[in-house]
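Comments concern the structure below.
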Amino acid sequence: MPQQRQAFQAPAGTRDVLAPDSARWEALVVAFGRQVERAGYGLILSPVFEETGVFVRGMGEGTDVVSKEMYEFRDKGDRHLALRPEGTASVVRAFVQHRPPVVWKAWYVTPAFRYERPQAGRYRQHHQLGVEALGTEDPDLDVEVVTLASRFFAELGLSRVELKVNSMGDANCRPAYIESLRAYLEEHQDELCDEHRERYAANPLRVLDCKDEACVRATANAPRLLESLCGPCAGHFGRVRSGLEALGVEYTIDHRLVRGFDYYTRTAFEFAALALEAAQNGIGGGGRYDGLVEALGGPPTPGIGFAIGIERLLQACDAEGAFPTPATTLDAFVVDLTGGAAARDITDELRTAGLRADRAFDRRSARAQLKAADRSGAELALIVGPDEAAAGTVTVHWLRAEREEERVPRHEVAKAVRDALERARS
RNA sequence: GUGGCCGUAGCUCAGUUGGUUAGAGCGCCAGGUUGUGGCCCUGGAGGUCGGGGGUUCAAGUCCCCUCGGUCACCCCA
């Protein structure tokens with residue numbers, strides 16, 4: 001008897017996705033890719049780890065994600081590396097490295113790692129779908145990017161998704177705004193929540209984002225980003241709005257919307273799934289980041305993108321009964337009562353012919369094999385017993401339809417299966 | 001990182017105030033049907049009661065630690 005060992009399990013905050021759930025993921029990624037490729041976005045594959053500096057300089061040293069949530073490590077060459085906590089910084093690093101011609105449009109699907117306390121809708125490894133588009137400040141690009149996400153949710157069948165937008169200004173107008181906000185908060189310091197009463201000065205924008213009722217009330221009349229935008233930012237935002245309206249993309253202005261990473265400028269947006277609990281209902285978000293390319297060592301290049309959290313998106317789909325797991329099925333399941341060689345040969349022939357086929361192993365009883373055939377979801381059971389073997393035939397038995405069993409010649413079994421399925425469909 | 005709740009078969013769960021060999025349903029396997037699935041019947045396999053330590057004559061049950069889950073905060077996808 002081997003000593004029993006403690007079974008391993010997946011690390012905290014991570015999980016396995018097995019079939020058939022994984023088929024839903026696959027379908028989701030395929031649907032996303034198909035849609036954004038129609039708009040000229042190309043898939044980018046990039047490493048899941050980068051020099052730590054890519055994220056530190058990209059997202060900002062002071063952000064929670066960078067300061068306390070990164071999976072950092074040193075490799076055997078003593079390099080400082082980190083597992084990517086989000087996708088944008090890596091894509092922009094790749095842009096800086098390769099300098100593709102602009103406008104450059106890329107989409108990705110990637111795991112993202114953050115060392116946080118797990119809870120529903122929040123994992124230490126989660127997955128994101130996203131796009132990035134670099135090389136122009138044209139507000140029509142903002143409109144395109146926001147619209148892609150919005151249309152994607154609609155295509156999945158989600159109806160209860162709210163789009164919130166705001167403008168965060170740029171290097172010209174944001175500093176002045178932050179000062180006026182800081183001054184306002186100083187006056188209303190006593191009214192803030194416990195945490196922000198002491199710490200509002202470090203990052204005044206964060207206070208707008210605070211969900212504590214005290215902060216919400218105290219900032220109700222605070223200066224607004226949109227009202228302090230410089231001329232170019234205001235003009236840009238106006239064109240983004242009119243573009244969205246022209247395309248019929250519904251949105252609401254959220255004066256409190258300030259994205260968490262330092263790189264955001266101008267357009268900021270988030271999608272909330274109203275069918276989910278408010279605490280973790282953000283299913284996607286993004287914005288413009290006109291200074292990020294420079295921050296990572298490239299030439300001044302504006303850009304915009306968004307990321308969608310796959311786990312949360314699927315939770316939202318569950319909550320709305322949308323985008324069900326696609327049924328995986330087989331064309332045929334071979335039941336071999338002669339030892340297994342026939343099943344080996346026939347499944348290979350069928351698969352080579354492009355049909356989906358499986359079989360049972362271990363010389364199980366006819367009943368057991370039929371049961372397995374039923375469970376496999378196959379349309380047909382192909383039965384080979386001593387009779388068929390002697391006659392050079394295969395019995396075609398329908399598992400999902402009331403149809404007569406028939407015998408077909410063994411040497412043209414693939415064609416016979418194809419024909420039978422064809423006939424059944426017409 | 002802080003706090004609350006929870007961990008019993010693959011899954012969903014029972015398990016009296018600590019008391020003999022830990023149960024059910026579903027699933028799985030086999031037989032009833034020597035070559036016909038889904039329904040039914042019968043039987044079977046499968047658990048060091050998350051792990052470790054402690055209290056006790058005796059621990060699934062009480063205590064401590066630890067791992068994991070979950071919820072809230074924080075932050076975000």
Side-chain angles (χ1 to χ4, degrees), chain A residues 1 3-15 18 59 62-70 84-88 109-130 149 193-196 199 203 206 209-212 257-261 270-273 276-286 305-316 333 335-338 360 362-390 395-402 405:
Chain A
M1 276 298 259
Q3 178 94 29
Q4 239 190 356
R5 292 172 197 278
Q6 176 66 33
F8 287 113
Q9 42 187 319
T14 69
R15 36 183 261 170
L18 315 200
M59 289 183 277
T63 61
D64 280 16
V65 169
V66 165
S67 63
K68 43 190 216 209
E69 295 174 2
M70 277 209 294
R84 68 159 54 128
E86 57 101 49
T88 302
V109 50
T110 181
F113 305 86
R114 294 182 199 171
Y115 191 88
E116 299 181 276
R117 194 73 171 265
Q119 72 183 72
R122 197 180 68 189
Y123 303 93
R124 286 183 175 173
Q125 177 178 343
H126 75 279
H127 300 79
Q128 299 186 348
L129 292 165
C193 74
D194 295 346
E195 189 197 334
H196 286 120
R199 302 203 350 231
N203 190 347
R206 279 259 73 84
D209 202 29
C210 181
K211 291 174 199 95
D212 191 287
L257 175 56
V258 288
R259 304 278 303 160
F261 304 140
E270 287 182 0
F271 292 90
L276 295 180
E277 291 298 318
Q280 316 285 347
N281 73 353
I283 55 175
F306 68 72
I308 292 170
I310 293 182
E311 285 84 353
R312 283 196 194 163
L313 177 57
L314 289 177
Q315 282 186 327
F333 192 99
V335 173
D336 182 357
L337 307 173
T338 63
D362 300 316
R363 297 168 160 268
R364 305 224 284 147
S365 68
R367 166 194 244 196
Q369 291 193 49
L370 260 309
K371 200 170 178 180
D374 185 41
R375 260 201 313 264
S376 76
E379 294 292 325
L380 300 173
L382 301 182
I383 302 168
V384 182
D387 293 355
E388 288 88 345
T395 294
V396 176
H397 174 80
W398 293 86
L399 292 164
R400 326 268 145 216
E402 295 298 327
E405 243 178 48

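Each chain gets a letter, A, B and so on, in the order the sequences are listed, and its residues count up from 1.
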Counting side-chain heavy atoms from C-beta on, which of G38(B), A77(B), A30(B) comes nearest to D374(A)?
G38(B)

Considering every strand and a 4.0 Å limit on heavy-atom distances, what is the contact class for G121(A): base, sugar-phosphate, or nothing?
base

Checking A72(B), C75(B), C29(B) against the side chain of K371(A) (C-beta onward), the nearest is C29(B)

RNA chain B: A12(A) or G285(A), which has the more 5' nearest nucleotide?
A12(A)

OP1, OP2 of A77(B) versus side-chain N and O of R259(A): anything below 4.0 Å?
yes

Select base, sugar-phosphate, or nothing to describe what I383(A) touches, counting heavy atoms under 4.0 Å on all strands.
base

Nucleotide of U70(B), C75(B), G35(B) approaching P386(A) most closely (side-chain heavy atoms):
G35(B)

Any sub-3.5 Å donor-acceptor pair from R124(A)'s side-chain atoms to P118(A)'s backbone N or O?
no

Does Q9(A) place a side-chain N or O at less than 4.0 Å from the phosphate oxygens OP1/OP2 of G50(B)?
no

Rounded to the nearest 0.5 Å, what's the gap from CZ on R312(A) to CD on Q128(A)? Could you check?
10.0 Å

Separation between the C1' atoms of G7(B) and U12(B), rounded to whole Å
14 Å

With rounding to the nearest 0.5 angstrom, report the CG to CD1 distance, L337(A) to I383(A).
7.5 Å

Categorize G282(A) for me: base, sugar-phosphate, or nothing, with a 4.0 angstrom heavy-atom threshold over every strand shown.
sugar-phosphate

Relative to the 5' end of RNA chain B, which residue comes earlier, E69(A) or R375(A), by the nucleotide with the nearest heavy atom?
R375(A)

CD of E402(A) versus C1' of U36(B): gap in Å, rounded?
14 Å

R363(A), CZ atom: more than 12 neighbouring heavy atoms under 6.0 Å:
no

How many whole angstroms separate atom CG of L314(A) from atom P of A77(B)?
17 Å

Which part of the nucleic acid does G13(A) contact within heavy-atom distance under 4.0 Å: base, sugar-phosphate only, or nothing?
sugar-phosphate

Separation of atom OH in Y123(A) from atom P in G69(B), rounded to whole Å
10 Å

Rounded off to whole Å, could you give me the CG-to-P distance for the D64(A) and A77(B) pair?
12 Å

Separation of E116(A) atom CD from G69(B) atom C1', in whole Å?
17 Å

For atom CZ of R117(A) and atom C1' of A72(B), their distance in whole Å
11 Å

Quote, to the nearest angstrom, the C1' distance that separates U55(B) from C62(B).
8 Å

How far, in whole Å, is C40(B) from A22(B) if one measures between their C1' atoms?
30 Å

May I ask you to say what D387(A) touches in the nucleic acid, namely base, sugar-phosphate or nothing, with a heavy-atom cut-off under 4.0 Å?
base

So, OP1 or OP2 of G1(B): does either fall under 4.0 Å of a side-chain N or O from Y115(A)?
yes

Tell me what E388(A) touches on the nucleic acid: a base, only sugar-phosphate, or nothing, going by heavy atoms under 4.0 Å.
base

Applying side-chain hydrogen bond (donor to acceptor under 3.5 Å, both in side chains) to T63(A) and not counting sequence neighbours gives none

Starting from P on G37(B), measure out to CG on D336(A) and report it in whole angstrom.
17 Å

Looking only at side-chain atoms of R312(A), point me to the closest of U2(B), A77(B), A30(B).
A77(B)

Counting only side-chain heavy atoms from C-beta out, which of C75(B), G35(B), G37(B) sits nearest to L399(A)?
G37(B)

Think R364(A) has a side-chain N or O under 4.0 angstrom from the OP1 or OP2 of C29(B)?
yes

Those residues that, when tested against R122(A), pass side-chain hydrogen bond (donor to acceptor under 3.5 Å, both in side chains) (two or more places apart)
none

T395(A) side chain: which of U36(B), C75(B), G31(B) is closest?
U36(B)

Working to the nearest 0.5 Å, report the span between CD of E379(A) and CZ of F333(A).
14.5 Å

By the 4.0 Å heavy-atom rule, please label A381(A) as base, sugar-phosphate, or nothing.
nothing

Consider the side chain of A366(A), meaning its heavy atoms from C-beta on, and name the nucleotide among C75(B), A72(B), G35(B) that approaches it most closely.
G35(B)

Give, for atom CD of Q125(A) and atom CD of E311(A), the distance between the pair rounded to the nearest 0.5 Å.
8.0 Å

Verify salt bridge (charged side-chain N to carboxylate O under 4.0 Å, His left out) between D374(A) and R400(A), making sure each step is shown before the conclusion.
CA-CA 8 Å; D374(A) 185 41; R400(A) 326 268 145 216; 3.4 Å; yes

What nucleic acid atoms does R15(A) come within less than 4.0 Å of, heavy atoms only: base, sugar-phosphate, or nothing?
nothing

Interatomic spacing from NE2 in H397(A) to CG in L380(A) - rounded to 0.5 Å:
9.5 Å

Could you work out the separation of G19(B) and A59(B) based on their C1' atoms and round it to a whole Å?
10 Å

Distance between the C1' atoms of G4(B) and C74(B), in whole angstroms?
16 Å

Give a yes/no verdict on base stacking between A77(B) and H126(A): centres under 5.5 Å, planes within less than 30° of parallel.
yes

Quote, to the nearest angstrom, the C1' distance that separates G15(B) from C49(B).
10 Å

Side chain E405(A) and base U36(B) donor-acceptor under 3.5 Å
yes

Once you apply a heavy-atom cut-off of 4.0 Å, does I283(A) come out as touching a base, just sugar-phosphate, or nothing?
sugar-phosphate

Expressed as a whole number of Å, how far does the P atom of A45(B) sit from that of U8(B)?
23 Å

Can you list every stem that RNA chain B is part of, counting only runs of 3 or more consecutive Watson-Crick or G-U wobble pairs with both distances under 3.5 Å?
B:1-7 with B:67-73, B:10-13 with B:23-26, B:28-32 with B:40-44, B:50-54 with B:62-66

Whole-Å P distance, U66(B) and C26(B):
41 Å

Check: R364(A) side chain, Q369(A) main-chain N or O, donor-acceptor pair, under 3.5 Å
no

Over how many whole Å does the gap from Q369(A) atom CD to U34(B) atom C1' extend?
15 Å

